[in-house]
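Remarks on the structure that follows.
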Amino acid sequence: MGKVLDTYNRYRELLFAGDFAHLTDVVDEGFVETCVGLTGWTRGLDIAAANFAAGIGAAFPDLTAQEFDHIEDGDTLANRGRAEGTHTGPFLGLEPTGRRASWEFADLYRIGADGRINWHFYVTDWNIVRLQLLGEAPDLPTTPERRAVLAGG
C-alpha cells in the first residue's frame, strides 16, 4: 500500500467508527469535499464530519462500504466501490423506510504536504438510491450489457 491509501484507510476507520475527534490525525481542518448531488462543495472538516454524521451516517447507521479498486498516483487516490445500509433516518427527502439500499461509487482523495487528506470528491447515482428506498428501482443487470441506452422509437 502507498502513503495515500494508508492515510485513507485510517480516515475510513475513524469515520465509520464515529471517532470524529481523531479525524484531524489524518484529515486537514481546511478539508474541501464535494458529494455530487448531495452536499455540494463543503469547506472545513467540522462541516464535512457534521454532514456525514447527521446525513448519511444517521440515515444508514449500519452503513458499510467495500472498495473494489484503488489507484494511487502521487498524492491522489481513486477508489471504486459499493456502499449499503438500512434506511432508518431521513434521507433524500424521504422518511425512514426500513429498506436496504446499495450503490456503487467513485471516490477521489488528495493529501497535502503534511500527509493529511485535504480534498475529497464523491460521486454516485443518488437517484437509484432514492428509487430503492421508494421500492421503485429498476431491476438492473449485475453485469454490463451491450445495448444502446438512448435508442428507441
Side-chain angles (χ1 to χ4, degrees), residues 1-20 22-28 31-42 45 47-89 91-92 94 96-112 114-150:
M1 286 191 288
K3 182 175 182 168
V4 185
L5 184 56
D6 289 342
T7 302
Y8 163 76
N9 283 334
R10 179 68 178 138
Y11 162 74
R12 182 175 179 237
E13 176 185 312
L14 293 167
L15 187 68
F16 276 72
D19 188 356
F20 303 125
H22 290 100
L23 282 176
T24 56
D25 294 349
V26 291
V27 182
D28 186 272
F31 182 65
V32 174
E33 172 178 67
T34 190
C35 293
V36 176
L38 192 60
T39 61
W41 287 103
T42 301
L45 176 58
I47 301 299
N51 282 345
F52 181 87
I56 200 165
F60 298 93
D62 62 346
L63 181 68
T64 60
Q66 176 186 10
E67 286 90 14
F68 304 125
D69 302 305
H70 300 285
I71 301 170
E72 186 172 341
D73 185 20
D75 65 354
T76 304
L77 175 70
N79 295 323
R80 182 185 67 85
R82 181 178 189 83
E84 67 178 291
T86 307
H87 181 221
T88 61
F91 193 67
L92 300 175
L94 300 174
T97 63
R99 288 192 169 103
R100 298 268 310 156
S102 62
W103 57 93
E104 291 195 11
F105 61 85
D107 213 10
L108 302 171
Y109 292 89
R110 187 173 53 222
I111 61 170
D114 65 358
R116 295 185 300 162
I117 298 169
N118 63 13
W119 183 82
H120 176 219
F121 187 87
Y122 185 92
V123 65
T124 193
D125 183 350
W126 293 114
N127 186 53
I128 199 72
V129 175
R130 191 171 196 285
L131 289 173
Q132 287 178 65
L133 299 179
L134 290 169
E136 299 173 4
D139 186 20
L140 298 173
T142 56
T143 56
E145 296 177 354
R146 183 175 162 83
R147 64 185 174 124
V149 175
L150 298 177

#### Entry: Contacts of Glu67 that satisfy salt bridge (charged side-chain N to carboxylate O under 4.0 Å, His left out) - sequence neighbours left out
Arg12
### Task
Please identify each residue that fulfils salt bridge (charged side-chain N to carboxylate O under 4.0 Å, His left out) with Arg99, with sequence neighbours left out.
none
Does the side chain of [X] reach to within under 4.5 Å of the side chain of [Y], using non-hydrogen atoms?
X	Y	value
Phe52	Leu15	yes
Thr24	Leu45	yes
Val36	Phe121	yes
Trp41	Thr34	yes
Leu14	Val26	yes
Ile117	Phe31	yes
Trp119	Glu33	no

### Task
Please work out whether the ring planes of Tyr109 and His120 are parallel, tilted or perpendicular, with thresholds of 30° and 60°.
parallel
### Query
Parallel, tilted or perpendicular for Tyr8 and Tyr11, by the 30°/60° rule?
tilted
### Query
Quick one: are the ring centres of Phe91 and Trp126 less than 6.0 Å apart?
yes
Quick check: closest heavy atoms across [X] and [Y], and the distance to 0.1 Å?
X	Y	result
Val4	Ile111	CG2-CD1, 3.7 Å
Ala83	Leu63	CB-CD1, 4.2 Å
Ala101	Phe60	CB-CE2, 4.2 Å
Thr88	Pro61	OG1-CD, 2.9 Å
His87	Gly89	NE2-O, 2.8 Å

Do [X] and [Y] have a side chain donor and acceptor closer than 3.5 Å?
X	Y	value
Asp19	His22	yes
Thr39	Asn51	no
Arg110	Thr76	no

Is it true that a side-chain atom of [X] and a backbone atom of [Y] form a donor plus acceptor pair closer than 3.5 Å?
X	Y	result
Glu72	Leu5	yes
Asp69	Arg80	no
Arg100	Glu84	no

### Message
Quick one, Leu108 with Leu77, criterion side-chain contact (heavy atoms from CB on, under 4.5 Å). Give me CA distance, side-chain angles, the key distance, then yes/no.
### Response
CA-CA 6 Å; Leu108 302 171; Leu77 175 70; over 6 Å; no
### Query
Hey, mind stepping through Val32 and Asn118 against side-chain contact (heavy atoms from CB on, under 4.5 Å) and telling me if it holds?
CA-CA 6 Å; Val32 174; Asn118 63 13; over 6 Å; no
### Query
When rounded to the nearest 0.5 angstrom, what is the spacing between CZ in Arg82 and CD in Glu104?
5.5 Å
## Note on the structure
The single option from Asp107, Asn79, Asn9 that satisfies side chain to side chain donor-acceptor pair (under 3.5 Å) with His70 is Asn79
N/O donor to acceptor pairs below 3.5 angstrom from side-chain atoms of residues 128-135, sequence neighbours left out:
{"from": "Arg130", "atom 1": "NE", "to": "Leu92", "atom 2": "O", "distance (Å)": "3.2"}
{"from": "Gln132", "atom 1": "OE1", "to": "Ser102", "atom 2": "N", "distance (Å)": "2.9"}
{"from": "Gln132", "atom 1": "NE2", "to": "Ser102", "atom 2": "O", "distance (Å)": "2.6"}
{"from": "Gln132", "atom 1": "NE2", "to": "Ile128", "atom 2": "O", "distance (Å)": "3.4"}

